[in-house]
Novice: 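After the structure tokens below, expect a handful of questions from me.
Numbers restart at 1 for each chain; the letters A, B, ... are given by sequence-line order, proteins then strands.
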There are 2 protein chains.
Amino acid sequence: MVDISARSDYAVRAMLALAADHDDPGAEKPAPVSVDRLAQAQDLPVKFLEAIVADLRRAGLVASRRGARGGYLLSRPADQIAVGDIIRAVDGPLAEVRGLRPHDTAYPGEAEHLPALWVATRAALRAVLDGTSLDQLRRGAWPTEVTALLRQPDAWESR
Amino acid sequence: MVDISARSDYAVRAMLALAADHDDPGAEKPAPVSVDRLAQAQDLPVKFLEAIVADLRRAGLVASRRGARGGYLLSRPADQIAVGDIIRAVDGPLAEVRGLRPHDTAYPGEAEHLPALWVATRAALRAVLDGTSLDQLRRGAWPTEVTALLRQPDAWESR
DNA sequence: GCTAATCCTGTCGGGTCAGTAGGATTAATG
DNA sequence: CATTAATCCTACTGACCCGACAGGATTAGC
């Protein structure tokens with residue numbers, strides 16, 4: 001069902017590392033961070049991460065400086081980047097049904113209402129992932145929807 | 001991210017077909033439905049569906065009668081079967097992070113709050129899929145959480 | 001005993017995923 | 001101006017999973 005891929009997981013963690021570097025040293029202009037340092041910070045495979053960060057750049061979420069002293073920078077403030085943006089950048093749409101977008105599935109007979117359920121499923125995902133910014137995630141300062149979900153008693157249990 | 005697999009999609013549709021047969025002819029005892037008829041009703045590949053329905057049986061969601069005039073029956077009323085139950089039966093856990101359950105992921109440094117986000121993501125999924133029964137799905141009689149999600153203006157739009 | 005069904009095992013091609021290899025290009029710095 | 005440190009690009013691989021099919025063993029109603 002939901003499988004948070006290594007790509008997405010690594011991408012979010014790299015972005016978190018970048019965000020940290022961004023507001024860390026007071027008011028200085030942040031210096032570009034190399035893939036090597038990002039990989040070290042979160043213990044990720046360097047070459048694989050390199051490919052992932054390239055996707056983030058193509059999606060416009062980070063800017064790159066080439067050459068010595070080069071590296072990557074957030075292209076927007078961390079409170080204006082949703083986690084959903086990151087995941088879409090590296091893994092495509094948040095939800096698919098057998099390769100189709102949820103809203104253009106169609107079914108015969110008894111299953112006529114099924115598309116609505118898939119759409120609702122996607123909407124639920126969006127509420128969490130597009131409702132949480134990189135900045136909120138880093139600080140654990142959750143938006144209200146997420147807080148409500150986490151308050152659920154069995155949220156941390158298997159099922 | 002979320003990929004509703006063919007297995008899950010087909011499984012839900014087969015269960016819907018079964019549910020329809022169940023309350024259709026008034027108060028008669030429902031007769032077992034063969035895989036062939038289920039496949040026809042929803043236009044699904046017979047042999048593949050056979051394997052899927054076998055999973056549903058092992059999970060206890062349907063009961064089987066072997067031999068001539070055999071087939072499958074819902075093992076509980078359709079309002080006591082959650083869509084989430086069906087999906088778990090054929091595809092395993094609703095959410096995983098690189099093969100791990102969301103609640104036992106762990107991260108170094110800046111990503112310390114990430115597990116909570118994955119857990120919230122799963123909780124959001126559960127709210128929709130465990131909150132909707134097979135019966136509600138068939139009738140399009142959505143629970144309040146789903147209605148709220150579908151009311152969202154861009155719920156049916158791409159992103 | 002025929003027939004219609006479940007049940008089981010095995011196979012298969014293609015696709016995706018995580019990760020690696022190797023090198024071309026770019027730019028700061030001494 | 002050469003060295004060095006970085007991005008960038010293309011290609012590859014090995015493993016695994018997914019959708020689907022084949023063939024037959026078993027069961028039970030008529």
Novice: Any N/O pairs under 3.5 Å between the protein and nucleotides 12-14 of chain D? List them or say none.
Specialist:
none

Novice: Which residues pass the ring-ring contact (aromatic ring centres under 6.0 Å, His included) test with B:Phe48, not counting sequence neighbours?
Specialist: B:Tyr10
Novice: Protein-nucleotides 26-30 of chain D N/O pairs closer than 3.5 Å?
Specialist:
{"from": "D:dT26", "atom 1": "O2", "to": "B:Arg66", "atom 2": "NH2", "distance (Å)": "2.9"}
{"from": "D:dT27", "atom 1": "O2", "to": "B:Gly67", "atom 2": "N", "distance (Å)": "3.4"}

Novice: Between B:Arg101 and B:Glu96, is a salt bridge (charged side-chain N to carboxylate O under 4.0 Å, His left out) present by the stated rule, with each step listed?
Specialist: CA-CA 5 Å; B:Arg101 309 307 314 278; B:Glu96 297 192 333; 5.1 Å; no
Novice: So does A:Arg76 pair up with A:Asp85, basic N to acidic O under 4.0 Å?
Specialist: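 So A:Arg76 pairs with A:Asp85 through a salt bridge.
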Novice: Looking for any heavy atom pair under 4.0 Å, which part of the strands does A:Val53 touch: base, sugar-phosphate only, or nothing?
Specialist: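 If one applies the 4.0 Å heavy-atom cut-off, A:Val53 turns out to touch nothing in the nucleic acid.
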Novice: Please list, in numerical order, the residues of residues 42-50 of chain A that have a heavy atom closer than 4.0 Å to any atom of DNA chain C.
Specialist: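 A:Pro45, A:Lys47, A:Phe48 - these, ordered by number, are the residues of the stretch whose heavy atoms sit under 4.0 Å from the strand.
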Novice: Measuring to OP1 and OP2 of D:dC8, would you say a side-chain N or O of A:Ser64 lies under 4.0 angstrom away?
Specialist: yes
Novice: B:Ala54 near the nucleic acid: base, sugar-phosphate alone, or nothing, with a heavy-atom cut-off under 4.0 Å?
Specialist: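 Here B:Ala54 touches no strand at all.
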Novice: Could you pick out which residue, B:Gly71 or A:Arg7, lies toward the 5' side of DNA chain C when each is mapped onto its nearest nucleotide?
Specialist: B:Gly71
Novice: Please list all pairs meeting ring-ring contact (aromatic ring centres under 6.0 Å, His included) that have one or both residues in residues 78-107 of chain A, counting only residues at least two apart or in different chains.
Specialist: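 Sorted pair list comes back empty.
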Novice: Below 4.0 Å from chain A heavy atoms, what is the first contacting nucleotide of DNA chain C and what is the last?
Specialist: C:dA18 to C:dA28
Novice: Evaluate the criterion salt bridge (charged side-chain N to carboxylate O under 4.0 Å, His left out) for residue pair B:Arg58 and B:Asp55; output intermediate values, then yes/no.
Specialist: CA-CA 5 Å; B:Arg58 280 178 217 115; B:Asp55 283 339; 2.7 Å; yes
Novice: Output yes when at least one side-chain N/O atom of B:Tyr10 is less than 4.0 Å from OP1 or OP2 of D:dC18, else no.
Specialist: no
Novice: Is any NZ, NE, NH1 or NH2 atom of the basic residue among A:Asp130 and A:Arg88 found under 4.0 Å from an Asp or Glu carboxylate oxygen of the other?
Specialist: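 Result for this pair is yes, salt bridge flagged.
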Novice: Measure from CD1 on B:Ile4 to C1' on D:dC18 and round the result to the nearest Å.
Specialist: 16 Å
